[in-house]
Asks: 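Just dropping this structure here.
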Amino acid sequence: MPGEGGAGAGAGAVGGEPGGGVRVVVYQAAYDEKELAAVRAAYHRVSERLAEVPGMLGNELLRSPQDPSALAVLSRWESMEAFLAWEAGADHRQDTAPLRPFRDTRTAAPFAVYEVDATY
């Protein structure tokens, strides 16, 4: 049954089996082209810093076609343990500082954490 076995169980599984891993979504906003360029530049600075973080598999900057001011950074982590270790570390706040001014205050929370329940 999907979701059984906890985080990381069946990592890399396909066909509806538990997938393992963690996804983190951080909500950003840019209200004009100047801010959009600044978000993109900050995203690249942050991504360069995070490229060497153990357990981080990569990230993407996403933009909503329904609301072009709404952006999100989706990061992929190998496990909840890897994400939580980085989040608790001394470099977490400094690593993400360039994006902090662009957090989307329209959302109820600035970010969301999801465990992968199933993959294909």
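Quick note: numbers below take in every heavy atom, side chains included, and nothing from hydrogens, waters or symmetry partners. Keep in mind that this is a model prediction, so the values were computed, not measured.
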Asks: To the nearest 0.5 Å, tell me how far Arg63 CZ sits from Arg40 CZ.
Replies: 6.0 Å
Asks: I'd like to check Arg76 versus Val116 (side-chain heavy atoms, cut-off strictly below 4.5 Å). Are they in contact?
Replies: no
Asks: Considering all heavy atoms of both residues, which atom of Ala109 and which atom of Tyr27 are nearest to each other, and what is their separation?
Replies: O-CD1, 3.5 Å
Asks: Within this structure, what is the CD-OH distance for the pair Glu60 and Tyr43, rounded to the nearest 0.5 Å?
Replies: 7.0 Å
Asks: Taking Arg100 for the side chain and Arg93 for the main chain, is one N or O donor matched with an acceptor at less than 3.5 Å?
Replies: yes
Asks: Is any side-chain heavy atom of Val26 closer than 4.5 Å to a side-chain heavy atom of Leu99?
Replies: no
Asks: Answer yes or no: is there a side-chain heavy-atom contact under 4.5 Å between Leu36 and Leu71?
Replies: yes
Asks: What heavy-atom pair brings Ser47 and Asn59 nearest, and what distance separates the two atoms?
Replies: OG-OD1, 3.1 Å
Asks: Any side-chain heavy atom of Asp95 sitting closer than 4.5 Å to one from Trp86?
Replies: yes
Asks: Partners of Arg106 by salt bridge (Lys or Arg N to Asp or Glu O under 4.0 Å), sequence neighbours excluded?
Replies: Asp67, Asp104
Asks: Which heavy atom of Pro98 sits nearest a heavy atom of Val46, and at what distance?
Replies: CD-CG2, 3.8 Å
Asks: With the 4.5 Å side-chain cut-off for hydrophobic clustering, are Phe111 and Met80 part of the same group?
Replies: yes
Asks: Please report the closest heavy-atom contact between Gly55 and Ala82, naming both atoms and the distance.
Replies: CA-CB, 3.8 Å
Asks: Would you kindly confirm whether Leu50 and Val25 end up in one hydrophobic cluster when ILVMFWY residues are joined by side chain heavy atoms under 4.5 Å apart?
Replies: no
Asks: When you compare the side chain of Val53 with that of Trp77, does any pair of heavy atoms fall below 4.5 Å?
Replies: yes
Asks: Quick check for you: to the nearest 0.5 Å, what is the distance between Phe83 atom CZ and Glu78 atom CD?
Replies: 13.5 Å
Asks: OG1 of Thr96 to CD of Glu87: how many Å apart, nearest 0.5 Å?
Replies: 9.5 Å
Asks: Could you tell me the separation between the CG atom of Leu74 and the OH atom of Tyr114, rounded to the nearest 0.5 Å?
Replies: 10.0 Å
